[in-house]
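Every number for a ligand or one of its atoms is a count from 1 in the order of the listing.
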Amino acid sequence: MTIGTPQNPLRVAIIGSGPAAFYTADSLMRRKGLSVEIDMFERLPTPFGLVRGGVAPDHPKIKSVTKAYDRIASKPNFRFYGNVEFGKHVTLEELKQHYHQIVFCTGAQTDKRLNIPGIDLEGSHAATEFVAWYNGHPDYRHLTFDLTQERVAVIGVGNVAMDVARILCRTPEELATTDIADYALEALRHSRVKEVFVLGRRGPAQAAFTTPEIKEMGELADCDVLVPPEEAELDELSRYDLENSDDRGLKRKVEIIQSYANNQPTGKSRRLTFRFLVSPVELHGDQNGRVTCMKLVKNVLYRTEAGTLRPRATDQYEELAVGLVFRSIGYRGVPLPGVPFNDSWGVIPNLRGRVTEMGSEQPLTGLYTAGWIKRGPSGVIGTNKPDAVETVDCMVEDLAAGNVLHPPHPGIEQAEATIRARQPRFVTYEDWKRLDQMEIERGKAQGRPRVKFTDVEEMLRALGK
Ligand code: NAP
């Protein structure tokens, strides 16, 4: 019987429930003439990946994309299996018993490593962990950050570095109206952080953060934003590139950075300083192994053969006293059991979303990928839409060519029976909507959009599971 018809729908398992997962589901549902049944698997009882666990609590508008995800999830051919971990509760071999196609959308769950001496001293943390902590991710809620420190460095000048710096520099009153995790709000209320340094290894024209994000820094309630004037100045190569660029956003970004170089401290309670053309080369600690200081080297830019500007260390060093360090130099994917993984790039090897064997470009029948685990940690939430469409184009092409898995038990109930046997406490989308409602109710009492559940057992208890 033809696969993809009402009598024999295409059965797809999507692993992960972040933006890439939902855009994959959406794109599949929109294909004309295709009957598809989608099961989405998520390790946590709650969906949405980085929209829930990554997007900063003070950026509520960005989170409103979940309304579109709710609409996708409300379709009768969609099922959510939350609290079900791929590789632990269900294996790839088991999924192959039930699905024609399997799509991995697990994102990038860890951070890129910065290999410098002292990087593992106490008080040096991955920004990704701090982000997951303040967003109430159950795996990170037990972490602690020494917010008694007055001076903090954030390494990297991407949007994650901006999120981290902003959360550190906002007043408790600013944070109290957000959905930041309760324990993080409490910890940040007692924060003694006064000075935050955000460190870029290249110049203002190469900063990875986007224009609205840098502009927003100047609008914080009680924080002076500064840039050393000599570091806001563009070097000759950057000036040449900027003059010959028609990227108006980039020009505006540089203007904003340079406007901060005119600022003088006005005595606000916190101070945020952007530094450019500096790289940390070593962290120093005290006798207890706690970070106390960072050695920085001054960089200059040079042009590579490919035409990009890269940093080169000079012989000028300085010491920056800091008691807390956040490394924000990018996320990185983690391997999934039984699925090929390119360890150098931190992604699943693939061609336009078709998973390939490592070392050959041979696609593996029925296996696909979308989002950060496919292309690496780049772009904004919307970038995952065309990325997912590209993957689904391949899935549909392969289906037409008869190149799919041939599961012996493709029935919806058969898959559910396997999942129930492996993880009887799985969470449905209706369950999640109940949790969602409870969080919103808890928030109302405090004038906040929601008060998140951050503990898996507590979530399951609240659901009566
Ligand atoms: P990112 O944008 O790739 O930025 C990484 C930063 O780390 C860059 O400044 C990079 O500098 C620096 N870096 C890398 N290796 C380094 C090293 N060895 N030493 C010093 N610095 C180093 O990554 P991200 O901030 O993690 O963000 C990931 C993605 O999520 C981005 O696409 C971002 O825009 C997106 N995001 C968006 C929002 C938002 O829309 N508000 C919020 C958060 C994240 P070089 O440029 O010199 O390599």
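- When ring centroids are compared, Phe41 and Phe86 stay outside the 6.0 Å threshold.
- Nearest protein neighbour of atom 25 (O) of ligand 1, counting heavy atoms only, is Val160 N, 3.0 Å.
- Classification of Glu397 and Arg354 as a salt-bridged pair holds, one side-chain N sitting under 4.0 Å from a carboxylate O.
- Scanning all protein heavy atoms for the shortest distance to atom 4 (O) of ligand 1 gives Gly158 CA, 3.5 Å.
- Remark: Arg303 is not positioned above the aromatic ring of Tyr240, lacking an NZ or CZ atom under 6.0 angstrom from the ring centre and at most 45 degrees off the axis.
- Of all heavy-atom pairs between Arg113 and Ile329, the closest is O-CD1, 3.8 Å.
- Using a 4.0 Å threshold on non-hydrogen atoms, atom 34 (O) of ligand 1 counts as touching the protein.
- Counting protein heavy atoms only, atom 38 (C) of ligand 1 is closest to Asn159 CB, 3.5 Å.
- The aromatic rings of Phe48 and Phe22 lie tilted to each other, with the angle between the two planes from 30° to 60°.
- Of the N or O atoms in Glu213, one or more lie within a sub-3.5 Å distance of an N or O in ligand 1.
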Test side chain to side chain donor-acceptor pair (under 3.5 Å) applied to Ser279 and Asn299, step by step: CA-CA 7 Å; Ser279 285; Asn299 297 325; 2.9 Å; yes
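- Atom 44 (C) of ligand 1 lies below 4.0 Å from at least one non-hydrogen atom of the protein.
- Using a cut-off of 4.0 Å between Lys/Arg side-chain N and Asp/Glu carboxylate O, Asp139 and Arg43 are scored as salt-bridged.
- Between Tyr183 and Tyr134, the distance separating the two ring centers is not shorter than 6.0 angstrom.
- Any N or O atom pair closer than 3.5 Å counts here, and Trp372 shares no such pair with ligand 1.
- A centroid separation of less than 6.0 Å is found between the aromatic rings of Phe145 and Trp133.
- Taking a cut-off of under 4.0 Å to the non-hydrogen atoms of Ser328, the atoms of ligand 1 that pass are 6 (C), 7 (O).
- At the shortest separation from atom 46 (O) of ligand 1 among protein heavy atoms lies Arg202 NH2, 2.8 Å.
- A cation-pi contact, defined as under 6.0 Å to the ring centre and within 45° of the axis, links Arg312 to Tyr302.
- In summary, the atoms of ligand 1 found under 4.0 Å from a heavy atom of Val157, numbered by their order in the structure, are 6 (C), 9 (O).
- Considering both main-chain and side-chain atoms, Asp163 never comes within under 3.5 Å of ligand 1 through any nitrogen or oxygen pair.
- The nearest heavy-atom contact from the protein to atom 2 (O) of ligand 1 is Ala208 CB, 3.7 Å.
- Within the listing of ligand 1, atoms 32 (O) sit less than 4.0 angstrom from a heavy atom of Ser378.
- The proximity of Leu114 to ligand 1, defined as any non-hydrogen pair under 4.0 Å, is limited to the side chain.
- Given atom 7 (O) of ligand 1, the protein heavy atom at minimum distance is Ile329 CA, 3.3 Å.
- Taking every heavy atom of Pro377 and a limit of under 4.0 angstrom, the matching atoms of ligand 1 come to 28 (C), 29 (C).
- Taking distance alone, with nitrogen or oxygen atoms compared against 3.5 Å, Gly156 stays at or beyond that limit from ligand 1.
- With respect to atom 32 (O) of ligand 1, the closest heavy atom belonging to the protein is Gly379 N, 2.8 Å.
- No hydrogens or angles considered: a donor-acceptor pair under 3.5 Å links the side chains of Thr454 and Arg141.
- Pairs engaging residues 261-270 under the salt bridge (Lys or Arg N to Asp or Glu O under 4.0 Å) rule: none recorded [sequence neighbours left out].
- If you check which protein heavy atom lies closest to atom 11 (O) of ligand 1, you get Arg201 NE, 3.7 Å.
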